[in-house]
Amino acid sequence: MKVTVVGAGAVGASCAEYIAIKNFASEVVILDIKEGYAEGKAMDLMQCASLNGFDTKITGSTNDYSKTANSDICVITSGIPRKPGMTREELIGINAGIVKMVSSSLVEHSPNTIIIVVSNPMDTMTYLVHKTTGLPKHRIIGMGGALDSARFKYRLAEALEAPISDVDGMVIGGHSDTGMVPLISHATRNSIKVSEFLSEERLNQVAEDTKVGGATLTKLLGTSAWYAPGAAVSGLVQAIACDQKKIYPCSTLLEGEYGLSDLCIGVPVVLGRNGIEKIVDVSLSDAEKEHMKASAEGVKKTNGLLEL
Ligand SMILES: NC(=O)c1ccc[n+]([C@@H]2O[C@H](COP(=O)([O-])OP(=O)(O)OC[C@H]3O[C@@H](n4cnc5c(N)ncnc54)[C@H](O)[C@@H]3O)[C@@H](O)[C@H]2O)c1
Ligand SMILES: O=C(O)C[C@H](O)C(=O)O
């Protein structure tokens with residue numbers, strides 16, 4: 001199993017590290033445009049191998065896509081992150097050009113690859129990868145919902161004063177400050193609905209804190225987060241590589257599912273060796289349906305800024 005990670009920055013390196021530590025991939029290639037940067041990150045990570053007990057071979061490349069040839073999975077993290085006070089959508093001007101160039105170079109060398117898109121604004125970048133590469137829809141996956149769901153569970157556990165392992169929940173919709181749809185109606189503590197434990201007001205607070213999870217961290221860190229994003233990407237890569245058939249909310253091209261079409265947005269999917277093997281249709285409350293509709297309108301508005 002060969003995995004390429006484009007972008008050796010904060011998220012790319014974190015994701016390569018988690019993939020290596022989980023020890024399921026034979027090879028990880030990190031590629032960056034900055035001279036020597038990916039080679040340096042790869043060497044540093046390889047010097048963790050004996051300490052952390054992994055055998056994954058990590059190599060770096062300065063913009064030489066021949067090193068990525070025949071990758072089973074490619075992760076795109078290249079692009080600029082936001083600064084405090086910015087939205088993800090404001091990154092489109094620079095990141096669209098980068099994602100377009102990177103995705104076509106990847107497919108040229110790995111025509112059978114599965115692509116995981118991380119660069120922001122992620123749902124729009126995932127749509128752009130469709131338009132650029134023409135790969136089948138099950139082989140283009142946007143990562144946002146896995147991270148947002150982890151943040152939702154963190155906030156739920158905090159409100160419930162419960163261990164995170166007791167909590168389950170999922171966030172669908174667009175990966176944006178207003179577009180995320182935390183599925184409160186399906187969230188549980190050890191199979192009991194969270195509404196049995198928390199007031200509507202407290203649950204609304206949990207949802208709001210979840211939606212601005214990325215912005216909260218950006219304000220604290222001065223740039224956007226990387227540990228949980230890297231861990232979330234590694235989860236998707238592992239589900240595909242190990243054919244786990246796990247359900248994750250991922251951004252995928254919809255063609256009528258959830259009453260939506262011609263956009264990529266987060267919905268629950270089954271991930272296995274073929275990428276997205278199924279889109280799962282879950283029942284939504286009326287409020288969640290409305291929120292999903294508004295979220296899709298927001299994503300389409302950002303897609304409209306693309307020069308296709
Ligand atoms: N979808 C998500 O959930 C999620 C989570 C976190 C971050 N992100 C996004 O991921 C992106 C990366 O964030 P980061 O914190 O790692 O940023 P970063 O600045 O630390 O790293 C980005 C890297 O991309 C490289 N790069 C730029 N242009 C390139 C090109 N043409 N080819 C190859 N490499 C190139 C840069 O040299 C840099 O090393 C941002 O757009 C950020 O908003 C998304
Ligand atoms: O918040 C950001 O800009 C980065 C990322 O999308 C995140 O949610 O951490």
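Counting starts at 1 for both ligands and their atoms, in listed order. Bear in mind the structure is a predicted one, so any value in this text is a computation, not a measurement. Heavy atoms only: backbone and side chains are in, while hydrogens, waters and symmetry mates are out.
- For R151, the closest heavy-atom approach to ligand 2 falls below 4.0 Å.
- A salt bridge links K67 to D64: one of the charged nitrogens lies within less than 4.0 Å of a carboxylate oxygen.
- Of the options N120, I98, L147, the smallest heavy-atom separation from atom 42 (C) of ligand 1 is shown by N120.
- The pair K41-D32 fails the salt-bridge criterion, with no side-chain N (NZ, NE, NH1 or NH2) lying under 4.0 Å from an Asp/Glu carboxylate O.
- Between R88 and ligand 2, at least one pair of N/O atoms sits closer than 3.5 Å.
- Atom numbering of ligand 2 starts at 1 in the shown order; those under 4.0 Å from a heavy atom of G214 are 1 (O), 8 (O), 9 (O).
- Of all protein heavy atoms, the one closest to atom 2 (C) of ligand 2 is R82 NE, 3.2 Å.
- In terms of protein heavy atoms, atom 15 (O) of ligand 1 is closest to A10 CB, 3.6 Å.
- Proximity of Y37 to ligand 1 is established by a heavy-atom distance of less than 4.0 Å.
- Each of the following atoms of ligand 2 lies closer than 4.0 Å to a heavy atom of H175: 5 (C), 6 (O), 7 (C), 8 (O).
- Under 4.0 Å from ligand 1, the heavy atoms of A225 that appear belong solely to its backbone.
- In this structure, T223 does not count as a contact residue of ligand 1, since none of its heavy atoms falls inside 4.0 Å of the ligand.
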Original post:
Taking it one step at a time, do K211 and D148 satisfy salt bridge (charged side-chain N to carboxylate O under 4.0 Å, His left out)?
Top reply: CA-CA 8 Å; K211 283 157 63 182; D148 303 333; over 6 Å; no

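- Summarising the contacts of atom 1 (N) of ligand 1 with K34, M143, M125, M86, the nearest heavy atom is found in M143.
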